[in-house]
Amino acid sequence: MNQELLTVFQSQFQQPAQLEVHAAGRVNLIGEHTDYNDGFVLPTAIAQRATLQISKRVNSDQTVRLYSVQMNQKLEYNLGTETSTHGWLDYPQAVTQLLQFEGYEIAGFDALISSDVPLGSGLSSSAAFLVVLLRGIRGLFGLEITDLEIAKLAQRAENGAIVGARVGLMDQMACSLAHVGEALFIDFKTTQFERVPLPKTAELVIIHSGIMHSNAHDDGNRNYKTRRHECEKACELLGIKTLRDLEIGDLERINALPSPYSNRARHVVTENARVLKTVAAFKVGDLTRVGELFAESHASMRDDYDMSETEIDLLVEIATSNSSIYGARLTGGGFGGSIVALAKIGEGRVAGEKIALEYQHRTGITPKLLTPA
Ligand code: GLA
């Protein structure tokens with residue numbers, strides 16, 4: 001267990017921590033906004049992660065006390081009284097409400113949470129928080145829940161009334177199941193997944209644009225919720241159940257839809273095809289091809305899904321023109337957040353620093369190189 005955190009735990013809760021668990025953040029390599037359309041995705045775990053230390057309550061009551069290291073804030077509530085407070089306590093409340101609803105036997109607990117997955121980076125800080133908490137509660141109360149079930153519970157907690165973000169299942173599955181150095185190729189028609197080792201001849205570069213991302217925010221028509229509705233509307237107009245029912249051969253039908261539905265459906269259908277091609281390219285180590293697919297994916301997110309920002313387009317452009325980089329794209333829910341790039345092995349850090357510096361120089365916004373960490 002992390003000694004420094006143990007000391008903080010003891011001073012916050014006047015008892016020792018019984019258990020420590022972790023959940024990694026994730027970066028999606030390709031397959032954006034395809035998960036809730038029953039499509040394909042390819043995320044992987046990143047080095048940044050959430051850590052949770054947890055103990056049963058000394059007097060076995062129903063109180064939940066949580067201390068967030070990053071917020072330097074301790075909050076509490078009682079099991080059975082969960083309600084939205086529009087702050088970070090919504091996440092644990094959503095989790096314990098759901099577990100009780102599902103009939104899991106839990107009681108109060110003291111928990112400390114610490115995470116270096118940056119908020120608003122599009123790297124699943126929320127999913128890592130939910131997954132680490134579910135893992136901690138599972139361990140503490142000996143609940144029989146698989147890692148896939150943890151992911152599904154985390155998604156339901158995020159979708160529910162307390163948090164109210166209607167996200168797909170990719171982030172929670174990645175945070176619960178993915179490992180560093182290996183991508184998780186998931187088919188959301190079945191939630192079956194395959195582990196795809198990432199070639200040792202390349203490394204990832206992740207740069208936070210400095211523009212905050214949020215799945216829950218509401219900014220006119222440019223947000224996560226609106227994009228989901230537009231996909232549903234496209235299905236309705238096409239008389240299909242899900243966009244996964246369409247293939248590249250259906251593009252003529254898709255193009256005939258009114259805008260923006262044609263654009264949204266075209267992104268999803270072409271993105272699904274790109275995920276399959278990326279998996280194939282990774283398997284044969286064709287990194288140049290992966291780079292091209294990253295570029296096509298970014299263009300599709302920018303032009304058809306309208307989920308990028310001018311500054312992020314610039315960041316991708318600067319990265320793409322760097323000779324150490326095979327390709328770069330916006331990653332995650334969009335409307336802010338990070339880019340992911342594939343670099344020649346050993347060249348990621350220097351390239352990343354150079355890209356970040358030029359971006360800062362040209363936009364006046366301070367980016368952050370997150371990987372290599
Ligand atoms: C967010 C959501 C995911 C997924 C991505 C976009 O990260 O949480 O479910 O939809 O956006 O690919």
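The structure displayed is predicted, hence computed values, not measured ones. Both counts, for ligands and for their atoms, begin at 1 and track the order of listing.
With hydrogens left out, the protein atom closest to atom 3 (C) of ligand 1 is D35 OD2, 3.3 Å, a heavy atom. Of the protein's non-hydrogen atoms, G333 CA, 3.2 Å is the one closest to atom 11 (O) of ligand 1. Looking from atom 8 (O) of ligand 1 to the surrounding protein, the closest heavy atom is D171 OD2, 2.6 Å. Here the heavy atom of the protein found nearest to atom 5 (C) of ligand 1 is M170 CE, 3.7 Å.
Between I318 and the options N322, L314, T320, a side chain to side chain contact (heavy atoms under 4.5 Å, CB included) holds for only L314. R274 pairs with exactly one of T278, T270, N272 by the side-chain hydrogen bond (donor to acceptor under 3.5 Å, both in side chains) rule, that one being T270. Checked against E230 for a side-chain hydrogen bond (donor to acceptor under 3.5 Å, both in side chains), the options K233, R227, R228 give a single hit: R227. Tested against T44, the residues L204, V180, V340, L184 include a single side chain to side chain contact (heavy atoms under 4.5 Å, CB included) partner, L204.
At a 4.0 Å heavy-atom cut-off, ligand 1 does not touch H213 at all.
For the pair E32 and ligand 1, the shortest N or O to N or O distance falls below 3.5 Å. At under 3.5 Å, not a single nitrogen or oxygen of Y36, backbone or side chain, sits near a nitrogen or oxygen of ligand 1. Remark: ligand 1 and H33 share an N or O pair separated by less than 3.5 Å (distance only, no angle test).
Less than 4.0 angstrom separates some heavy atom of G168 from each of these atoms of ligand 1: 9 (O). Numbered from 1 in the order shown, with element, the atoms of ligand 1 that lie under 4.0 Å from a heavy atom of Y224 read 1 (C), 2 (C), 3 (C), 4 (C), 9 (O), 10 (O), 11 (O).
Cation-pi geometry between R57 and F13 is not met at under 6.0 angstrom from the ring centre and within 45 degrees of the axis.
Side-chain atoms of S338 do not come within 3.5 Å of backbone N or O of I206 as any donor-acceptor pair.
Between Y224 and H33, the ring planes lie tilted relative to each other; the angle falls in the 30° to 60° range.
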